[in-house]
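To start, the structure itself, in structure tokens.
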Amino acid sequence: MSQTRTTGSPLVFSDVDETLIKVKSMFRFLSFYLERRGEPPATYERLTGELRQAARSGAPRAEINRRYYRLYAGEEAAALAAAGRDWFAAENESPGGLFHDGVRQALAAHAARGETVLLISGSFFACLDPIAEATGADRAFGSRPVIRDGRLTGEVLFSLIGPAKGRLARAAAALRGADLADCTAYGDHISDLDLLSAVGHPVVVGDDPELTEHARRAAWRRMELPGPARHIQEAAA
């Protein structure tokens, strides 16, 4: 039986894509959804090619995130949610599974100690809701597409990218009466730096060169992948 979580208990924040799971959920889901809709593979390549070109041209990550959601303009939110559950099941049953087991086990250990686990991602409800349910996370925060009359407009209320993750962590701690010095965060990419810097116990997942160098200088903990949660190590000073 899980422990009762109370206001003021430590919070645990975790990025999702390539931190908790092995893939970039937004792109894998888009491929799955387009195929389900009967689109040829060339459609996915064209749409993602345009996003990659924008990235190469220097467009900010938040702008790329917004452009991604424009691809769903007019789509029914309920249909996307149903497709997300099917996408998750297919990914999770694939060889090797969807999750980084070490991170998933670490989050489960936090939850068993009564800590509140919150997922934070630039992805959206279609991908995040089944992931949160499967991991027992208390809540998943993602980018928020605008929905009117049950359909996505293609716009977003906000993109949960980069510094926005750190702002959300600070706001969540304030609302729940948690001391950020007691909180933990997991992230794999330099764009997670604001989130990791917001807490007293940052954990760098994987080997992103820029983030790994920052972890080395700051003596943050690191989790090498693949590997179980016990492989969390102190970064070299």
Practice item. Would you confirm whether Thr19, through its side chain, and Val16, through its main-chain N or O, come within 3.5 Å as a donor-acceptor pair? Key: no

Review point. In the single-linkage hydrophobic clustering (I, L, V, M, F, W, Y; side-chain heavy atoms under 4.5 Å), do Ile190 and Ile120 co-cluster?
Key: no

Practice item. Of all the heavy-atom pairs spanning Asp194 and Gly162, show the shortest one and how long it is. Key: CB-O, 4.3 Å

Check your understanding: Taking 4.0 angstrom as the limit, do Lys22 and Glu18 come out as a salt bridge?
Key -> no

Point to revise | Separation of Leu11 CG from Leu175 CG (nearest 0.5 Å) | key: 10.0 Å

Check your understanding: Atom SG in Cys183, atom CZ in Arg176: separation rounded to 0.5 Å?
Key -> 10.5 Å

Review point. Has the side chain of Thr153 got a donor or acceptor atom that lies under 3.5 Å from a matching backbone atom of Glu155?
Key: yes

Point to revise | Residue pair Ala198 / Arg170: nearest heavy atoms and the distance that separates them | key: CB-NH1, 3.9 Å

Practice item. Indicate the atoms forming the closest heavy-atom contact of Ser123 with Tyr69, along with that distance. Key: C-OH, 3.1 Å

Exercise for review: Determine, using the 4.5 Å side-chain heavy-atom cutoff (strictly less than), whether Phe27 and Phe125 are members of one ILVMFWY cluster.
Suggested key: yes

Exercise for review: State whether the side chain of Ser57 and the backbone N or O of Gln53 hold a donor-acceptor pair below 3.5 Å, judged by distance alone.
Suggested key: yes

Exercise for review: Provide the closest heavy-atom pair for Ala55 versus Ile64 in the form atom of the first, atom of the second, distance.
Suggested key: N-CD1, 3.6 Å

Review point. Heavy atoms, side chains only, cut-off 4.5 Å: are Met26 and Asn65 in contact?
Key: yes

Exercise for review: Look at Asp86 together with Arg36 and state whether they make a salt bridge at an N to O cut-off of under 4.0 Å.
Suggested key: yes

Check your understanding: What orientation do Tyr72 and Phe124 show, parallel under 30°, tilted 30 to 60°, or perpendicular over 60°?
Key -> tilted

Study note, to complete from the structure: Value for CG (Leu195) from CG (Leu168), rounded to nearest 0.5 Å, stands at 9.0 Å

Point to revise | Expected output: side-chain Asn92 to main-chain Ala89 donor-acceptor under 3.5 Å | key: no

Point to revise | Centroid-centroid under 6.0 Å between Phe141 and Phe13 rings | key: no

Check your understanding: Is Glu91 salt-bridged to Arg28, cutoff N-O under 4.0 Å?
Key -> yes

**Study point:** Shared hydrophobic cluster, Ile21 / Val205 (ILVMFWY, side-chain heavy atoms < 4.5 Å)
**Key:** yes

Exercise for review: Please test Val23 against Asp17 for side chain to side chain contact (heavy atoms under 4.5 Å, CB included), starting from the C-alpha separation and ending with a verdict.
Suggested key: CA-CA 6 Å; Val23 302; Asp17 290 3; over 6 Å; no

Practice item. Answer with yes or no whether the hydrophobic clustering places Leu118 together with Leu128; edges join I, L, V, M, F, W, Y residues whose side-chain heavy atoms lie under 4.5 Å apart. Key: no

Exercise for review: Using a cut-off of 6.0 Å, state whether more than 12 heavy atoms not belonging to Arg148 lie near its atom CZ.
Suggested key: no

Review point. Judged by modelled atom types alone, do Glu35 and Tyr44 share a side-chain donor-acceptor pair under 3.5 Å?
Key: no

Check your understanding: Between Ala164 and Ser159, which heavy-atom pair has the shortest distance, and what is it?
Key -> CB-O, 3.8 Å

Point to revise | side chain to side chain contact (heavy atoms under 4.5 Å, CB included) between Ser121 and Leu160, worked out | key: CA-CA 6 Å; Ser121 173; Leu160 196 47; over 6 Å; no

Practice item. Give a yes or no on whether Ile161 and Leu193 share a hydrophobic cluster (residues Ile, Leu, Val, Met, Phe, Trp, Tyr; joining criterion: side-chain heavy atoms under 4.5 Å apart). Key: no

Practice item. For residues Leu119 and Arg139, determine if any side-chain heavy atom of one lies less than 4.5 Å from a side-chain heavy atom of the other. Key: no

**Study point:** Distance, nearest 0.5 Å, that separates CD1 of Ile147 from CG of Asp149
**Key:** 11.0 Å

Review point. Just checking, any donor-acceptor pair under 3.5 angstrom between side chains of Arg52 and Thr48?
Key: yes

Check your understanding: Does any non-hydrogen side-chain atom of Leu152 lie less than 4.5 Å from one of Val146?
Key -> no

Review point. With a cut-off of 6.0 Å (strictly less than), are more than 12 heavy atoms of other residues, nucleotides or ligands near CD of Glu210?
Key: no

Review point. Does any donor atom in the side chain of Thr212 or Asp207 lie under 3.5 Å from an acceptor atom in the other side chain?
Key: no

Exercise for review: State, yes or no, whether a side-chain contact exists between Ser9 and Glu115 at a heavy-atom distance under 4.5 Å.
Suggested key: no

Check your understanding: Do His110 and Tyr186 have side-chain atoms, one donor and one acceptor, less than 3.5 Å apart?
Key -> yes

Check your understanding: Counting distance only, does the side-chain N/O of Arg104 pair as donor-acceptor with the main-chain N or O of Phe99 below 3.5 Å?
Key -> no

Exercise for review: Report the distance from atom CZ of Phe158 to atom CZ of Arg167, rounding to the nearest 0.5 Å.
Suggested key: 10.5 Å

Review point. Do Thr43 and Glu45 have side-chain heavy atoms sitting under 4.5 Å apart?
Key: no

Point to revise | Pair Arg221-His201, side chain to side chain contact (heavy atoms under 4.5 Å, CB included): steps then yes or no | key: CA-CA 8 Å; Arg221 289 188 297 164; His201 303 287; 4.1 Å; yes

Review point. How about Asp188 and Val204: do any of their side-chain heavy atoms sit closer than 4.5 Å?
Key: no

**Study point:** Any side-chain heavy-atom pair of Phe88 and Phe29 under 4.5 Å
**Key:** no

Review point. Does Asp208 reach the main-chain N or O of Leu211 with its side chain, forming a donor-acceptor pair under 3.5 Å?
Key: yes

Practice item. May I ask you to decide if Ser191's main-chain N or O and His189's side chain share a donor-acceptor pair within less than 3.5 Å? Key: yes

Review point. More than 12 heavy atoms of other residues, nucleotides or ligands under 6.0 Å from CD of Glu133: is that the case?
Key: no

Practice item. Answer yes when Glu63 and Arg70 have at least one side-chain N-carboxylate O distance shorter than 4.0 Å, and no when they do not. Key: yes

Review point. Do His214 and Trp220 have their ring centres less than 6.0 Å from each other?
Key: yes

Check your understanding: So which heavy atom on Gly84 is nearest to which on Pro130, and how close?
Key -> O-CG, 3.9 Å

**Study point:** From CA spacing to verdict: side chain to side chain contact (heavy atoms under 4.5 Å, CB included), Arg222, Val203
**Key:** CA-CA 5 Å; Arg222 291 184 55 204; Val203 182; over 6 Å; no

Exercise for review: Could you tell me whether the side chain of Val12 reaches within less than 4.5 Å of the side chain of Thr116, counting heavy atoms only?
Suggested key: no

